[in-house]
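Remember, it's a predicted structure, so these values are computed and weren't measured experimentally.
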Amino acid sequence: MAISDPIKVGLASGWKHINASTLVTDTHLEADVVIVGTGAGGGTAAEILTQAGLSVIMVEGGALKSSSHFDMEERTAYPNLYQQAAAMKTADKGIGIFQGRSVGGSTTINWTTSIRTPEPTLAYWAAKKSVQGLSGDELKPWFEKMEQRLNISEWTYEPNKNNAVLKQGCEALGWEYTVIKRNVSGCWNTGYCGMGCPVNAKQSMLVTTIPSALEQGATLVSQAKVIDLQHDDNKVSGLTAIAQTQLGKPLTTKIHFHAKHYVLSAGAIHTPSILMRAQTPDPYQLLGRTFLHPSLLSGALFDEQVNGHNGAPQSIYSDQFVWPQGDPNKMGYKLESAPVHPVLIASKTIGYGESHAQLMENFNRIQVLVALVRDGFNPDTMGGQVHLTDNGFNLDYPLTDTFWNTARNAYLSMAELQFAAGAKQVLPMNDGLVFQSSWQQAKQTIENMDLALLKTIVASAHVMGGCPMGEDKSQSMIDSYGNSHYLENLSVFDGSMFPTSLGANPQLSIYGIVARNATELARRLKV
């Protein structure tokens, strides 16, 4: 069955797309609004602003790819669609970070999990971070708007075995679990969401808001990395980008952008990096304070085939431990399943040589749980810091004793759940361990095992913070509508606006809050 490629069809119909790598001379472009980044924030804003009749330019560092390029192979997807070929790490190499790098940003390669911002998070922001107007009731219509726009609804199919283990373990133990809502339409349930959807079922920005903006006359400039933001007299006066190859190697051609208003939606590392490199005002040294949901993994071996690469990657989650005793100051963790693809798992498991080979021999019988640790609420877990380097950035992200204590509890929860669901053996992803053959053995091992940087596998696909919102300038860089406190024609619409992590997968939070903020910006610019 032939699958129509809406990007190819749109380009053939006359969409305005400039691949910066093809430019032979420096170029100057102007619009009412220039948006840097095309992920959840930039894509949402682009559609809303163009619908309001404003001229918009979208600037994206990654390449324009589409379903015709998505071959469901990791060796193709990682170098073409991910930052640093999915090998990005913190400065000390202790945490692996997954982040998108193509038109559509991380929405092109995420696992479709769509969860509203937890009420305790919103309450904490209001009470402790001076955020206004973002209660659950106030955000409800915006979440509903974006859920309808992106076909976000509860996954009604039976979970694959990888997710069924999470459900069955929770049922056996009496723990809370929830069926996940996914942003899909006509999903084939293949399980390869992380490599780009080959059938355009995932309702990413790539196939929804970006085509909508282009249909209404917006311009897309791809493979253009913003290297400078000019500002004077409390206003942004221009942006400069440099063309780069598909894999991110800088070229020599530059593109200069001028607009009435500028929106940064480059993500929670690159948005603050742009502002820091431009030496924009930051009197309280808040730029670049980043949160990750640092996550732990536990593998389980079953007698039967799990085939964790087949079926919706995530369809069940548990918040049993995310808000311990209802106290946001106590670190908690969310339990989810992670899809099992060869390179992904091989690079996030333990051991080497024979032991690693034996683990991979059982590939189709392995189930994987992940515990996402909620950081940013406890004074001892205040995230990391982006630092500029000569050729980019580093992210320092210290893991404290409080984190390691929480990690130990997370390993205990995951092992108990996996055995309760029928696992024959469980392997916490911590170097030096072997498969545990019973819950009692695992409990004793986990309680006594040495958790440490580079020994314990820690990863994250959720990068948040770095340009926090709020009304108190000593705590925030932008107000609760995303407007800069210091540059009157600059807004920030992406995950960098979060004052803490979320305790939930971030894409729907970005969609809802940016829909609200971009709608207000459009009203203001049209006056």
**Q** Mark yes when over 12 heavy atoms from residues, nucleotides or ligands other than Arg75 sit less than 6.0 Å from its CZ; otherwise mark no.
**A**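 Open.
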**Q** Taking His261 for its side chain and Leu521 for its backbone only, find out whether a donor-acceptor pair lies under 3.5 Å.
**A** no
**Q** Identify whether the distance between the nearest side-chain nitrogen and carboxylate oxygen of Asp319 and Lys334 falls below 4.0 Å.
**A**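 Answer for the salt bridge query: yes.
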**Q** How about Asp232: does its CG atom have over 12 heavy atoms from other parts shown lying under 6.0 Å from it?
**A**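 Above 12, so yes.
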**Q** In plain terms, say whether Asp26 and Lys254 are close enough for a salt bridge, that is, a side-chain N and a carboxylate O under 4.0 Å apart.
**A** no
**Q** Tell me the side chain to side chain donor-acceptor pair (under 3.5 Å) pairs involving residues 372-392, sequence neighbours left out?
**A** Asp375-Tyr397, Asp375-Ser501, Asp380-Thr400, Asp380-Thr402, His387-Asp396, Thr389-Asn391
**Q** If only side-chain N and O atoms count, and only distance matters, is there a donor-acceptor pair under 3.5 Å linking Glu471 with Ser130?
**A** no
**Q** May I ask you to check whether Tyr486 and His231 place their ring centres under 6.0 Å from each other?
**A** no
**Q** For Phe377, run the ring-ring contact (aromatic ring centres under 6.0 Å, His included) check against Phe291, Trp323, Phe498 and tell me which one passes.
**A** Trp323
**Q** For Ser106 and Gln507, run side chain to side chain donor-acceptor pair (under 3.5 Å): C-alpha distance rounded to whole Å, both residues' side-chain angles, the deciding distance at 0.1 Å, then the answer.
**A** CA-CA 9 Å; Ser106 292; Gln507 74 164 343; over 6 Å; no
**Q** Going by atom types alone, do Glu138 and Ser135 pair a side-chain donor with an acceptor below 3.5 Å?
**A** yes
**Q** Is a salt bridge present between Glu147 and Arg116, judged by a nitrogen-to-oxygen distance below 4.0 Å?
**A**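 Salt bridge present between Glu147 and Arg116.
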